[in-house]
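Right, one structure below, let's go through it.
Computed from a prediction, not measured in an experiment: that's the story for all the values here.
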Amino acid sequence: MTTNLLPVRNALLSVANKEGLVEFARALRGFGVELMATGGTYNALEEEKVQVRSLQDDLKLPSALSGRVKTLHYPLFAAILAKHEPNQLREIQGLGVKPIDMVVCNFYPFQKVISNPSATQEEIIENIDIGGPSMVRASAKNFEYVTVVPSPTYYESVIEELRKNGGKTTIGMRRRLARLALAITASYDISIYNGLSATFLKGQFPEKFFLSSSKFQDAKYGENPDQRATIYSIDNFTSMNQWKQLAGDTLSFNNQLDIGSAYEILEGFEGVPAAATVKHGNISGFAFAPSISEAYTLAHSCDPEADFGGTVVVNRRVDREAAKLIGKN
């Protein structure tokens with residue numbers, strides 16, 4: 001078992017999404033980290049005068065099949081997967097490589113491409129990333145010795161970790177990033193399978209169907225105050241992840257459920273002001289009218305008692321008159 005703190009000396013960068021890349025790479029160089037990068041990532045860093053070496057040149061890895069094979073090479077994966085034990089370090093030294101302490105990698109934008117109606121089958125297939133997920137999985141497997149950074153989302157926290165620990169990462173950080181990296185690769189594989197099924201099956205139901213979801217927010221509590229709950233939003237679908245709470249206490253699971261129930265009944269009435277009231281998962285009132293205040297008044301009258309302490313959802317901006325009525329009831 002490795003020690004808690006490990007220095008980052010050598011980092012491999014291979015990213016499709018180059019958001020924040022240059023700033024992150026410069027920060028790594030500030031800690032004395034030696035950088036290696038693949039094709040497009042190397043070019044992007046070199047253009048910005050960041051000191052970086054070409055992975056293919058440095059490890060003498062040939063590119064094959066018009067770039068389809070760039071990173072799928074034994075010496076590279078040995079450098080990522082090696083434990084810092086004498087026999088394994090000697091073995092990779094014999095291959096002419098050093099241990100890679102950090103892998104910064106994100107994938108080809110498959111979901112974006114397959115969502116484009118004009119994308120050709122060739123474009124879709126060529127955006128299935130093979131090398132990236134393989135490197136990320138290898139890094140996550142060897143989290144005792146490797147820090148994997150699978151998204152620009154984590155750049156800031158990684159730099160803060162290095163700053164706090166003198167260029168080193170903790171086992172806690174490496175474990176957390178490994179777990180998150182595996183979630184990203186799993187979600188990526190699901191998007192590929194579901195996307196190709198929708199494209200190739202032409203409306204038929206596939207043999208298997210997978211859902212990938214991301215945490216939206218922790219609920220105040222579950223169905224009962226002694227229970228814990230978290231709300232998840234299905235990836236790549238428009239849903240509650242676009243809602244924004246403006247004020248008030250953290251919503252409970254029941255609050256979220258009530259909002260979802262009311263939202264569903266309001267769908268299809270976008271052309272008119274409409275209101276729905278919900279109490280404990282049950283729709284207690286629904287109406288549409290020329291104004292939101294009138295729609296709410298009618299919805300409230302369906303079951304005035306249930307509206308007390310319930311949830312009100314409307315499909316228009318709440319004006320002063322409607323706000324006074326809702327507050328009163």
Side-chain angles (χ1 to χ4, degrees), residues 1-3 5-16 18 21 24-46 50-108 129-150 154-155 158 161-162 166-171 173-175 177-178 181-182 185:
M1 180 63 70
T2 185
T3 58
L5 287 168
L6 280 180
V8 178
R9 299 188 181 95
N10 298 294
L12 166 62
L13 299 93
S14 180
V15 297
K18 295 176 176 57
L21 169 68
F24 184 63
R26 283 186 175 137
L28 291 178
R29 286 294 303 140
F31 293 103
V33 180
E34 296 290 324
L35 306 181
M36 292 186 297
T38 57
T41 306
Y42 171 79
N43 292 335
L45 293 175
E46 193 177 48
V50 178
Q51 189 175 351
V52 60
R53 305 193 307 274
S54 165
L55 174 72
Q56 273 68 32
D57 293 344
D58 208 55
L59 270 62
K60 297 180 175 57
L61 303 179
S63 179
L65 307 178
S66 302
R68 270 195 159 193
V69 178
K70 293 192 290 286
T71 58
L72 297 171
H73 293 286
Y74 171 48
L76 172 60
F77 278 84
I80 295 172
L81 284 163
K83 295 182 177 182
H84 292 192
E85 298 172 354
N87 58 333
Q88 295 199 11
L89 291 176
R90 280 195 299 271
E91 190 171 348
I92 65 168
Q93 187 178 15
L95 295 170
V97 296
K98 297 177 182 178
I100 292 176
D101 310 305
M102 177 178 285
V103 172
V104 183
C105 183
N106 56 65
F107 312 147
Y108 297 160
D129 202 328
I130 304 299
S134 299
M135 289 191 293
V136 166
R137 285 190 178 98
S139 308
K141 176 175 181 174
N142 202 26
F143 67 83
E144 288 187 49
Y145 305 97
V146 179
T147 304
V148 59
V149 189
Y154 310 117
Y155 288 172
V158 169
E161 173 92 341
L162 294 172
K168 300 176 182 178
T169 60
T170 62
I171 187 66
M173 167 66 88
R174 296 195 298 278
R175 282 176 179 156
L177 288 173
L182 292 173
T185 59

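A heavy-atom distance below 4.5 Å is not found between the side chains of Leu5 and Thr169. Annotation: side chain of Leu6 is in contact with side chain of Arg174 (closest heavy-atom distance under 4.5 Å). Here the side chains of Thr170 and Glu161 are in contact, with some heavy-atom distance below 4.5 Å. With contacts defined as side-chain heavy-atom distances shorter than 4.5 Å, the pair Val158/Val8 does not qualify. Cys105 has its side chain out of reach of Val148: every pair of non-hydrogen atoms, C-beta onward, lies at least 4.5 Å apart.
If you take CG on Leu81 and OG on Ser139, they are separated by 7.5 Å, rounding to the nearest 0.5 Å. The CD1 atom of Ile100 sits 5.0 Å away from atom CD1 of Ile80, with the distance rounded to the nearest 0.5 Å. Between atom CG of residue Leu76 and atom OG of residue Ser14 there is a gap of 9.0 Å, rounded to the nearest 0.5 Å. Atoms CG and CG, from Leu12 and Asp101 in turn, are 11.0 Å apart once rounded to the nearest 0.5 Å. If you take CD1 on Ile92 and CZ on Phe77, they are separated by 14.5 Å, rounding to the nearest 0.5 Å. Between atom CG of residue Leu45 and atom CE of residue Met36 there is a gap of 13.0 Å, rounded to the nearest 0.5 Å.
Counting all heavy atoms, side chain and backbone alike, Lys18 lies closest to Ala44 at CD-CB, 4.0 Å. For the residue pair Leu95 and Tyr74, the shortest heavy atom distance occurs at CD2-CE2, 3.9 Å. Residues Val50 and Ala25 come closest through the heavy atom pair CG1-CB, 4.0 Å. Pairing each heavy atom of Ser134 with each of Ile130, the nearest pair is OG-O, 2.8 Å. Here the closest non-hydrogen pair linking Phe107 and Ala16 is O-CB, 3.2 Å. Closest heavy-atom contact between Ile171 and Glu144: CD1-CA, 4.0 Å.
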The test is side-chain contact (heavy atoms from CB on, under 4.5 Å); show your working for Val104 and Val15 and say whether it passes.
CA-CA 7 Å; Val104 183; Val15 297; 4.2 Å; yes
Give the intermediate values and the outcome of side-chain contact (heavy atoms from CB on, under 4.5 Å) for residues Tyr155 and Val149.
CA-CA 7 Å; Tyr155 288 172; Val149 189; 3.7 Å; yes
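Taking 4.0 Å as the cut-off between side-chain N and carboxylate O, Glu34 and Arg53 count as a salt-bridged pair.
Between the side chain of Glu46 and the backbone N or O of Val52, no donor-acceptor pair lies under 3.5 Å.
Taking a 6.0 Å sphere around NZ of Lys98, one finds it holds 12 or fewer heavy atoms contributed by other residues, nucleotides or ligands. Counted within 6.0 Å of CZ on Arg9, heavy atoms from surrounding residues, nucleotides or ligands total 12 or fewer; the atom is thus considered open.
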